[in-house]
Amino acid sequence: MNARNISIIVVLLISSVVAKAQYSIQCEDTCNHVHGLDMSHYQGNVFWEAVGDNGRMFYVYLKATEGETFIDKRYEENIYMARKNGLKVGSYHFYRPKQPQEEQLRNFRAQCRPQDQDLVPMIDVEVNSGLGAKALCDSLHKFLVLVEKEYKQKPLVYTYTNFYNKYLVGALDGYKLMVAQYNGKEPVLADERDIFAWQYTGKGHINGVNGYVDKSRLMGRHTMREIRYHRK
């Protein structure tokens, strides 16, 4: 093997090591933003003691329900253990636009008990169920009003950039947004709405979870105080 080939191999090996090191470095390792997690039954058995010991994750939103009947099988255990291990906890509902809003609220309310919440409820809207923008926004607005009336505070709304730009532009004034975008660039919405939190990866890693986990961080000058659950 000549010297040129040896040099090429050495460069490739070094590049591989550097790339691997860069891949293992995550956003929360290199910045001072307030970071959190989004979790559900998809994470399976979670070692919450290890998650709580991480020191860089301050909050977690846990899936409670979906539509009018689905209940996340890990929710009860997750919310108890997450709070026990020091995380600020909120709960979210995956919204199904064609299912009755009152039934969806009843499902969510049965799981998302005010006494268990540190953060305001979050509504996950990322499917249109065949509805156009106007019909979807009308459906969602009715549900958000019901949730606000039930919990006496506005819920946080979760969606992703392309879905918001296609269906929700101008429809969520007054609601704080958590926006998912995984390309490494901070999201910018078509109407330039302020974004409360950015879910920057769906393939994060953290001690205590086998496999991927969604990670987010607060944007700009936003603080956890803005989404604190106020018990009446």
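For reference, positions follow the sequence shown, starting with 1.
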Step-by-step side chain to side chain donor-acceptor pair (under 3.5 Å) determination, Gln43 to Tyr212
CA-CA 7 Å; Gln43 276 69 49; Tyr212 296 134; over 6 Å; no
As a quick check of understanding, evaluate side-chain contact (heavy atoms from CB on, under 4.5 Å) for Asp194 and Leu177, giving each step before the final call.
CA-CA 8 Å; Asp194 176 67; Leu177 303 176; over 6 Å; no
Could you walk me through whether Thr201 and Asp214 pass side-chain contact (heavy atoms from CB on, under 4.5 Å), step by step?
CA-CA 6 Å; Thr201 183; Asp214 298 339; over 6 Å; no
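Under the 4.5 Å side-chain criterion, counting only non-hydrogen atoms from C-beta, Val51 is in contact with Val46. Within the 4.5 Å cutoff, the side chain of Arg96 has heavy atoms near those of the Val127 side chain. A 4.5 Å side-chain heavy-atom check between Leu131 and Lys98 finds at least one atom pair inside the cut-off. Residues Pro100 and Glu68 form a side-chain contact, since some pair of their non-hydrogen atoms from C-beta on lies under 4.5 Å apart. Using a 4.5 Å heavy-atom threshold, the side chains of Phe196 and Met219 count as separate. Taking 4.5 Å as the limit, some side-chain heavy atom of Tyr182 sits within range of a side-chain heavy atom of Gln199. A 4.5 Å side-chain heavy-atom check between His230 and Val120 finds every atom pair outside the cut-off. Here the side chains of Val89 and Asp116 are not in contact, with every heavy-atom distance at 4.5 Å or above.
Distance CG/Asn107 to CZ/Phe94: 13.5 Å, rounded to 0.5 Å. Atom-to-atom distance recorded for Met57:CE and Leu87:CG is 9.5 Å, nearest 0.5 angstrom. Atoms OH and CG, from Tyr175 and Leu140 in turn, are 8.0 Å apart once rounded to the nearest 0.5 Å. Taking CG from Leu168 and OG1 from Thr161, the interatomic distance works out to 11.5 Å, rounded to the nearest 0.5 Å. Rounding to the nearest 0.5 Å places SG of Cys112 at 11.0 Å from CE of Met122. Atom-to-atom distance recorded for Thr65:OG1 and Phe70:CZ is 9.0 Å, nearest 0.5 angstrom.
Residue Leu156 comes nearest to Lys176 through the heavy atom pair CD1-O, 3.3 Å, listed as atom of the first residue, atom of the second, then distance. Between Ala64 and Gln111, the shortest heavy-atom contact is CB-CB, 4.2 Å. The shortest non-hydrogen separation linking Ile123 to Pro155 is CG1-CB, 4.0 Å. Heavy atoms only, all atoms of each residue included: Cys137 and Tyr167 are closest at SG-O, 3.0 Å. Residues Asn165 and Val188 approach most closely at ND2-O, 4.4 Å, considering heavy atoms. Residue Thr223 comes nearest to Leu218 through the heavy atom pair C-CD1, 3.6 Å, listed as atom of the first residue, atom of the second, then distance.
Checking side-chain atoms of Arg193 against main-chain N and O of Leu172 turns up a donor-acceptor pair under 3.5 Å. Although no hydrogens or angles enter the test, the distance criterion places a donor-acceptor pair under 3.5 Å between the side chain of Gln117 and the main chain of Arg113. Between the Gln181 side chain and the Lys185 main chain, a donor and an acceptor come within less than 3.5 Å of each other. In this structure, the side chain of Gln153 engages the main chain of Tyr151 through a donor-acceptor pair within 3.5 Å. A donor-acceptor pair under 3.5 Å is absent between the side-chain atoms of Gln101 and the main chain of Leu146, judged by distance alone. Between the side chain of Lys154 and the main chain of Leu144, no donor-acceptor pair closer than 3.5 Å is present. In this structure, the side chain of Ser139 engages the main chain of Pro97 through a donor-acceptor pair within 3.5 Å. A side-chain donor-acceptor contact under 3.5 Å links Asn85 to the backbone of Met81.
A continuous path of Ile, Leu, Val, Met, Phe, Trp and Tyr side chains, each step under 4.5 Å between heavy atoms, connects Val213 with Leu62, placing both in one hydrophobic cluster. Transitive grouping of hydrophobic side chains (ILVMFWY, heavy atoms separated by less than 4.5 Å) brings Val179 and Val125 into a common cluster. Residues Met224 and Tyr200 do not share a hydrophobic cluster, defined by chaining ILVMFWY side chains whose heavy atoms lie under 4.5 Å apart. Hydrophobic clustering, with ILVMFWY side chains joined whenever heavy atoms are under 4.5 angstrom apart, keeps Trp48 apart from Phe58. Hydrophobic clustering, with ILVMFWY side chains joined whenever heavy atoms are under 4.5 angstrom apart, groups Val157 together with Leu136.
A search for salt bridge (Lys or Arg N to Asp or Glu O under 4.0 Å) contacts involving Asp191 returns nothing, not counting sequence neighbours.
Between the side chains of His41 and Asn78, no donor-acceptor pair of N or O atoms lies under 3.5 Å. Tyr59 and Ser216 are linked by a side-chain donor-acceptor pair at a separation below 3.5 angstrom, with hydrogens and angles left out of the test. Using a 3.5 Å distance cut-off with no hydrogens or angles, the side chains of Asp38 and Tyr61 do not pair a donor with an acceptor.
Evaluated for a side-chain contact (heavy atoms from CB on, under 4.5 Å) with Glu126, the options Tyr95, Tyr160, Tyr164 yield exactly one hit, Tyr160.
Other residues, nucleotides and ligands contribute only 12 or fewer heavy atoms inside 6.0 Å of the CG atom of Asn45. Heavy-atom neighbours of Glu76 CD from other residues, nucleotides or ligands within 6.0 Å: at or below the threshold of 12. The local environment of NZ in Lys88 is sparse, with at most 12 non-hydrogen atoms from other residues, nucleotides or ligands closer than 6.0 Å.
Between His35 and His33, the ring planes lie perpendicular to each other; the angle is over 60°, past the 30° to 60° tilted range.
A salt bridge is absent between Asp118 and Arg228: the closest approach of a Lys/Arg side-chain nitrogen to an acidic carboxylate oxygen does not fall below 4.0 angstrom. Under a 4.0 Å N-O distance rule, the pair Glu186/Arg217 qualifies as a salt bridge. Salt-bridge check for Lys142 with Asp138: failed, with every basic side-chain N at 4.0 Å or more from each acidic carboxylate O.
Pairs passing the ring pair (Phe, Tyr, Trp, His ring centres under 6.0 Å) check and including a residue from residues 71-93, sequence neighbours excluded, read His93-Phe108, His93-Phe143.
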